[in-house]
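None of these values were measured; they are calculated from a predicted model.
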Amino acid sequence: MSCIINRMRTRSLNAPSPIYQFGPCGRIMKNSTVVMTIQDPASQRLTWNKPPISVLVIKKIHDSLVIQPFIDLVRWLIWEKKMSVYVESAVMDDPQLKTNQLFQPFKDKLCTFREGMDDLTDKVDFIICLGGDGTLLYASSLFQQSVPPVMAFHMGSLGFLTPFEFDNFQDQVSNVLEGNHLPHCLPNTAHTLVILTHESYYTTSGHAALTLRSRLRCLIVRKNETISAIEKLSKQNTCHLVLNEVVVDRGPSPYLSNIDLYIDGKHITTVQGDGLIVSTPTGSTAYAVAAGAAMVHPSVPAIMVTPICPHSLSFRPIVVPAGVELKICVSPDSRNSAWVSFDGRNRQEIQLGDSLRVTTSIFPVPSICAEDQISDWFDSLAECLHWNVRRKQRQFDEYSDLLHSSSNDSLDKQHFDGIES
């Protein structure tokens, strides 16, 4: 099978992203001041080829607290911004919206789509999420290729991926749409890999910062499929693109998972345990961190491989380059099959002879920052995960410390004098 892998691999990821276009009119600003091939995340800023005219609004389902913000946002986008607003068709069937009199005047002006039935490619310029992290994961699943810029408002339980607060949403959305998003402070150019002159800084400072969240491209290859069939599958929209992780586990079986892991055709190890998590840097703070993985900034080009309850104390999580291809399959001596899920969805079984191929997609999710790439991530670590939160150690009072040290010295001297006598 190694010859198949070599034939299929035609590229390698050595940079945060080779794609600069997001949706019909969103792209990353060209930065002529980059002096090294390693890109500074702070240089990733959003600009528009043309003014956005269409927006997809995704709201958290089964949550009455999101109804009024959703109405306020959609009404403002239609009447004030004169934008075409897309919503999922299931939103129109929400009983709380059907009976809401404030929703009726513009209900017929909404454009609807059905997941898996309607293609939103080249129809949506901009995405707004109202809810928790699940709304961003859902937005990612709707686009198999280029994803429009995403602005996520925190209205869920955790909100690790949703940095914006809904208060004063009009100004925040307008700043992004009009390119007037101002950072809180100048970048610290002394520690970055780019040089921003005084003039060039002002050409980029009015544009929103972007975090390019890499996705994993996952393809299930069934037993006895030919090379031509595999190539056909890879070209069609039969791949799963995940923003957080793909999980391989033992499913309902009481036996250990026995999973073989290959990287670029080389057998690395056999996983014996409850399963395996293959995650993006964005997903490193989700299921993976609960299984003991390190937390990795989303701008780092990497893939995390984390065992779930391994039957070996020495099996630690690993981080591999983003450009490699992983192959995961059921070991020949396994007692059972395995089950695969993609961002917690589309769960399906893989049998002996089947394999799961995982690579980094060239189409990331451009997530708009509330402040910047670094501040947003560390703020989420502190606020959502309480990272390194503890009561600070009290410092010594200088005078009392000296007295305490002197008294200890006296006690020690008396103790040793007693021993000598």
* Rounded to the nearest 0.5 Å, what separation is found between the SG atom of Cys129 and the CG atom of Leu56? -> 7.5 Å
* Asked: Is the shortest distance from a Lys or Arg side-chain nitrogen in Arg215 or Glu245 to a carboxylate oxygen in the other one below 4.0 Å?
  -> no
* Glu349 and Ser337 side chains, donor-acceptor separation under 3.5 Å -> yes
* Looking only at atom types and distance, does a side-chain atom of Asp343 sit under 3.5 Å from a main-chain N or O of Asn244, one as donor and one as acceptor? -> yes
* To do: Answer yes or no: is there a side-chain heavy-atom contact under 4.5 Å between Ile303 and Leu326?
  => yes
* Anything under 30° is parallel, anything over 60° is perpendicular, the rest tilted; go ahead and classify Phe70 against Phe103. => tilted
* To do: List the atom of Thr211, the atom of Pro298, and the distance in Å for their closest heavy-atom pair.
  => CG2-CG, 3.7 Å
* Kindly say whether Asp372 contributes a backbone atom to a donor-acceptor pair with the side chain of Ser375 at under 3.5 angstrom? => no
* To do: Check for a donor-acceptor pair, side chain of Gln373 on one end and backbone N or O of Gln44 on the other, with a separation under 3.5 Å.
  => yes
* **Test item: side-chain donor near acceptor, Gln96 and Asn100, under 3.5 Å** => no
* Do Asp94 and Lys59 meet the salt-bridge criterion of a basic N to acidic O distance under 4.0 Å? -> yes
* If you take all heavy atoms of Thr360 and Ala322, which pair is closest and at what distance? -> OG1-O, 2.7 Å
* Do any N or O atoms from the side chain of Ser146 and from the backbone of Gly23 form a donor-acceptor pair under 3.5 angstrom? -> yes
* To do: Using the ring pair (Phe, Tyr, Trp, His ring centres under 6.0 Å) rule, take Phe153 and Phe166 through it: C-alpha gap first, then chi angles, then the decisive distance, then the call.
  => CA-CA 6 Å; Phe153 287 92; Phe166 195 72; 5.6 Å; yes
* Asked: Just wondering, are more than 12 heavy atoms of other shown residues or ligands nearer than 6.0 Å to NZ in Lys107?
  -> yes
* Flag the pair Cys218 / Arg357 as yes when at least one side-chain heavy-atom distance between them is below 4.5 Å, and no otherwise. => no
* Apply side chain to side chain contact (heavy atoms under 4.5 Å, CB included) to the pair Val176 and Ser174, showing each step before the final yes or no. => CA-CA 5 Å; Val176 171; Ser174 293; over 6 Å; no
* Asked: Are Lys223 and Asp354 close enough for a salt bridge, meaning some N to O gap below 4.0 Å?
  -> no
* To do: Identify the heavy atoms of Leu73 and Leu130 that sit nearest to each other, and give their distance.
  => CD2-CD1, 3.8 Å
* Between Pro281 and Met304, is any pair of side-chain heavy atoms under 4.5 Å apart? -> yes
* Asked: Does any non-hydrogen side-chain atom of Lys60 lie less than 4.5 Å from one of Tyr138?
  -> no
* Side chain of Gln172, backbone of Glu165: donor and acceptor closer than 3.5 Å? -> yes
* Any donor and acceptor pair, going by atom type alone, linking the side chain of Ser257 with main-chain N or O of Ile259 inside 3.5 Å? -> no
* Does CZ in Arg316 sit with more than 12 non-hydrogen atoms of other residues, nucleotides or ligands closer than 6.0 Å? -> no
* To do: State which residue, out of Val150, Leu77, Val74, fulfils the side-chain contact (heavy atoms from CB on, under 4.5 Å) condition with Ile128.
  => Leu77
* Structure fact -> Tightest non-hydrogen contact, residues Cys369 and Leu210, listed as SG-C, 4.0 Å
* Report the C-alpha distance between Val246 and Leu356 in whole Å, list the side-chain angles of each, state the deciding distance to 0.1 Å, and finish with yes or no for side chain to side chain contact (heavy atoms under 4.5 Å, CB included). => CA-CA 10 Å; Val246 53; Leu356 172 68; 3.8 Å; yes
* Look up atom OG in Ser253 and atom CG in Asn258, then write down how far apart they are to the nearest 0.5 Å. => 10.5 Å
* Flag yes if more than 12 heavy atoms outside His267 fall under 6.0 Å of its NE2 atom; otherwise flag no. => yes
* Check: Thr99 side chain, Pro95 main-chain N or O, donor-acceptor pair, under 3.5 Å -> yes
* **Euclidean distance, Leu161 CG relative to Ser380 OG, rounded to 0.5 Å** => 7.5 Å
* Structure fact -> To the nearest 0.5 Å, atom OG1 of Thr47 lies from atom NE2 of His207 at 4.5 Å
* Asked: Ion pair present between Glu325 and Arg217, side-chain N to carboxylate O less than 4.0 angstrom?
  -> no
* Decide side chain to side chain contact (heavy atoms under 4.5 Å, CB included) for Tyr287 and Ile308; before the verdict, give the C-alpha distance in whole Å, the side-chain angles of both, and the deciding distance to 0.1 Å. => CA-CA 10 Å; Tyr287 191 3; Ile308 307 172; 3.6 Å; yes
* To do: Spell out, as yes or no, whether a donor-acceptor pair under 3.5 Å connects the side chain of Asp274 to the backbone of Cys309.
  => no
* Quick one: does Met295's side chain get under 4.5 Å of Trp377's, heavy atoms only? -> yes
* Fit a plane to each ring of Phe126 and Trp48, take the angle between them on a 0 to 90° scale, and name the class: parallel (under 30°), tilted (30 to 60°) or perpendicular (over 60°). => perpendicular
* Report the distance from atom OG of Ser141 to atom CG of Leu136, rounding to the nearest 0.5 Å. => 10.0 Å
* **Side-chain donor-acceptor contact under 3.5 Å, Arg213 with Thr282** => yes
* Can you check whether Gly283's main-chain N or O pairs, donor with acceptor, with Thr280's side chain at less than 3.5 Å? -> yes
* **Any side-chain heavy-atom pair of Phe315 and Pro307 under 4.5 Å** => yes
* Heavy-atom closest contact (Arg250 atom, Tyr255 atom, distance) -> CD-O, 3.0 Å
* Asked: Passes side chain to side chain contact (heavy atoms under 4.5 Å, CB included), Phe164 versus His154? Steps please.
  -> CA-CA 6 Å; Phe164 288 92; His154 172 41; over 6 Å; no
* Does Pro24 offer a backbone N or O that forms a donor-acceptor pair with the side chain of Asp122 under 3.5 Å? -> no
* Close side-chain approach of Asp125 to Val55, heavy-atom, < 4.5 Å -> no
* Asked: Is any side-chain heavy atom of Ile350 closer than 4.5 Å to a side-chain heavy atom of Ser355?
  -> no
* **Side-chain H-bond candidate by donor/acceptor type, Gln395 with Gln393, under 3.5 Å** => no
* So, for Leu97 and Gln104, which heavy atoms are closest and what is the spacing to 0.1 Å? -> O-NE2, 3.4 Å
* Gap between atom CG of Leu158 and atom OG1 of Thr285 - 0.5 Å precision -> 8.5 Å
